Amino acid sequence: MIKSKFIVVEGIEGSGKTEACKIIYDYLYKYGITNTIIVREPGGTIISEKIRKLIISNYNDESLNKETELLLIYAARVQLVKKIIQPALKKGLIVIGDRHHLSSLAYQGGGLGINKKKIYSLKKMFIKTLNPHLTIYLDVDPKVGLSRVNQRGIKDRIENKSIKFFTKVRNTYLKLIKNCPTIITVNTMQKKNLVRNNLELIIKKWISL
């Protein structure tokens, strides 16, 4: 039984993070690894889910300041880490996270242009040494990702952002993950069965380490 591991799935909207988390969960379960939970950011606790609504809601009369967005996301993250992730890891569970700190660097850092030093300082203050043991970055062209989002129907405030914004986010992800051994990239512009196979191969190799 693998104990106390933190796996994070990253990517822009439409990259397939939610489905990827479930694929990883099911694959681990297939091998008898049942001490596993899935969490999402922002969200994952009662308070964090309320903060999530503030972040993704569309506002007609007032725009959400970029620094406010960052602080709200980190508030939700800290609540999730303190109430769910760290206690779960201490109990020996495997935590699969739909987003974590890397998202803030890509979205608020790359997309919104906030100095990344400020984002790192928030991590240092509140998250400290908690880092994923494995990060899987799902890469997709923003045009493809947003076309998938459009098929879902009503879009939230983040999903309504421009193609230019998501291009910045993707480019930031690609820069951040370059030469980082704990981050593995999966091309999600392939057919779903190929994406699934790639994810399962990554987890299979990771289990054997």
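Quick caveat: nothing in here was measured; it's all calculated off a predicted structure.
Tyr29 is not connected to Trp206 by any chain of hydrophobic side-chain contacts under 4.5 Å among Ile, Leu, Val, Met, Phe, Trp and Tyr, and they are in different clusters. Placement of Ile114 and Met125 within a single hydrophobic cluster is found when ILVMFWY residues are connected by side-chain heavy-atom separations under 4.5 Å, directly or transitively. The same ILVMFWY cluster, assembled from side-chain heavy atoms under 4.5 Å apart, contains both Val144 and Ile158. Hydrophobic cluster membership is shared by Ile24 and Ile184, with clusters built from Ile, Leu, Val, Met, Phe, Trp and Tyr side chains linked at under 4.5 angstrom.
Taking CG of Leu138 as the reference point, atom CD1 of Ile136 lies at 7.5 Å (rounded to 0.5 Å). With rounding to the nearest 0.5 angstrom, the CD1 atom of Ile183 is 5.0 Å from the CG atom of Leu102. Summarising the geometry, atom CD1 belonging to Ile96 is positioned 5.0 Å from atom CD1 belonging to Ile38; distances are rounded to the nearest 0.5 Å.
Not one N or O on the side chain of Arg52 forms a donor-acceptor pair closer than 3.5 Å with the backbone of Gly43. Side chain of His133 to main chain of Phe6: a donor-acceptor pair is present (N/O by atom type, distance under 3.5 Å, no hydrogens or angles). A donor-acceptor distance shorter than 3.5 angstrom exists from the side chain of Asn58 to the backbone of Lys155, with no hydrogens or angles considered. At least one donor-acceptor pair under 3.5 Å links the side chain of Thr188 to the backbone N or O of Ser15. Panel note: side chain Gln151, backbone Arg148; no donor-acceptor pair is recorded below 3.5 Å. Within the 3.5 Å criterion, the main-chain N or O of Gly92 finds a donor-acceptor partner in the side chain of Asn35. One N or O on the side chain of Glu159 and one on the backbone of Asp156 form a donor-acceptor pair closer than 3.5 Å. A donor-acceptor pair under 3.5 Å is absent between the side-chain atoms of Ser48 and the main chain of Gly44, judged by distance alone. For Arg99 (side chain) and Gly11 (main-chain N/O), a donor-acceptor pair under 3.5 Å exists by modelled atom type.
A salt bridge does not link Arg152 to Glu13: none of the charged nitrogens lies less than 4.0 Å from a carboxylate oxygen. Between Lys205 and Glu200, no side-chain nitrogen of the basic residue sits less than 4.0 Å from a carboxylate oxygen of the acidic one, so the salt-bridge criterion is not met. With respect to the salt-bridge test (charged N to carboxylate O, under 4.0 angstrom), the residues Lys22 and Asp26 qualify.
No side-chain donor-acceptor contact under 3.5 Å links Tyr59 and Asp61. No hydrogens or angles considered: nothing links the side chains of Thr135 and Glu10 as a donor-acceptor pair under 3.5 Å. Under 3.5 Å, the side chains of Lys192 and Asn197 contain no donor-acceptor pair of N or O atoms. Checking Thr172 against Tyr107 by side-chain atom types alone, no donor-acceptor pair falls below 3.5 Å.
Note on ring orientation: taking the six-membered ring where Trp is involved, the planes of Tyr27 and Tyr31 are tilted (angle from 30° to 60°).
Across all non-hydrogen atoms, the minimal contact from Leu130 to Lys123 is O-NZ, 3.3 Å. Contact detail for Lys83 and Thr45: the closest heavy-atom pair is CB-CG2, 4.3 Å. When every heavy atom of Ile163 is checked against every heavy atom of Lys143, the shortest pair comes out as CD1-N, 3.5 Å. Of all heavy-atom pairs between Val95 and Ala88, the closest is CG2-CB, 3.8 Å. Pairing each heavy atom of Asn65 with each of Glu67, the nearest pair is OD1-OE1, 2.5 Å. Taking every heavy atom of both residues into account, Arg40 and Leu80 meet most closely at O-CD2, 3.6 Å.
The neighbour count for Leu71 CG, taken as heavy atoms of other residues, nucleotides or ligands under 6.0 Å away, is above 12. Heavy atoms of other residues, nucleotides or ligands lying less than 6.0 angstrom from CZ of Arg196 number 12 at most.
Put simply, the side chain of Pro42 does not reach to within 4.5 Å of the side chain of Leu72, judged on heavy atoms.
Outside the 6.0 Å centre-distance limit, the rings of Tyr74 and Phe126 are not counted as a close aromatic pair.
Both tests pass for Lys161 against the ring of Phe165: distance under 6.0 Å to the centre and angle within 45° of the axis.
Shown are Ile203, Ile94, Thr36, Ile7; of these, the side chain to side chain contact (heavy atoms under 4.5 Å, CB included) with Tyr25 is made only by Thr36. Checking each of Arg77, Glu41, Lys116 against Ser104 for a side-chain hydrogen bond (donor to acceptor under 3.5 Å, both in side chains) leaves exactly one that passes, namely Arg77.
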Quiz item: Which is it for Leu28 and Thr34 under the side chain to side chain contact (heavy atoms under 4.5 Å, CB included) test, yes or no, and what are the steps along the way?
Solution: CA-CA 7 Å; Leu28 289 171; Thr34 57; over 6 Å; no
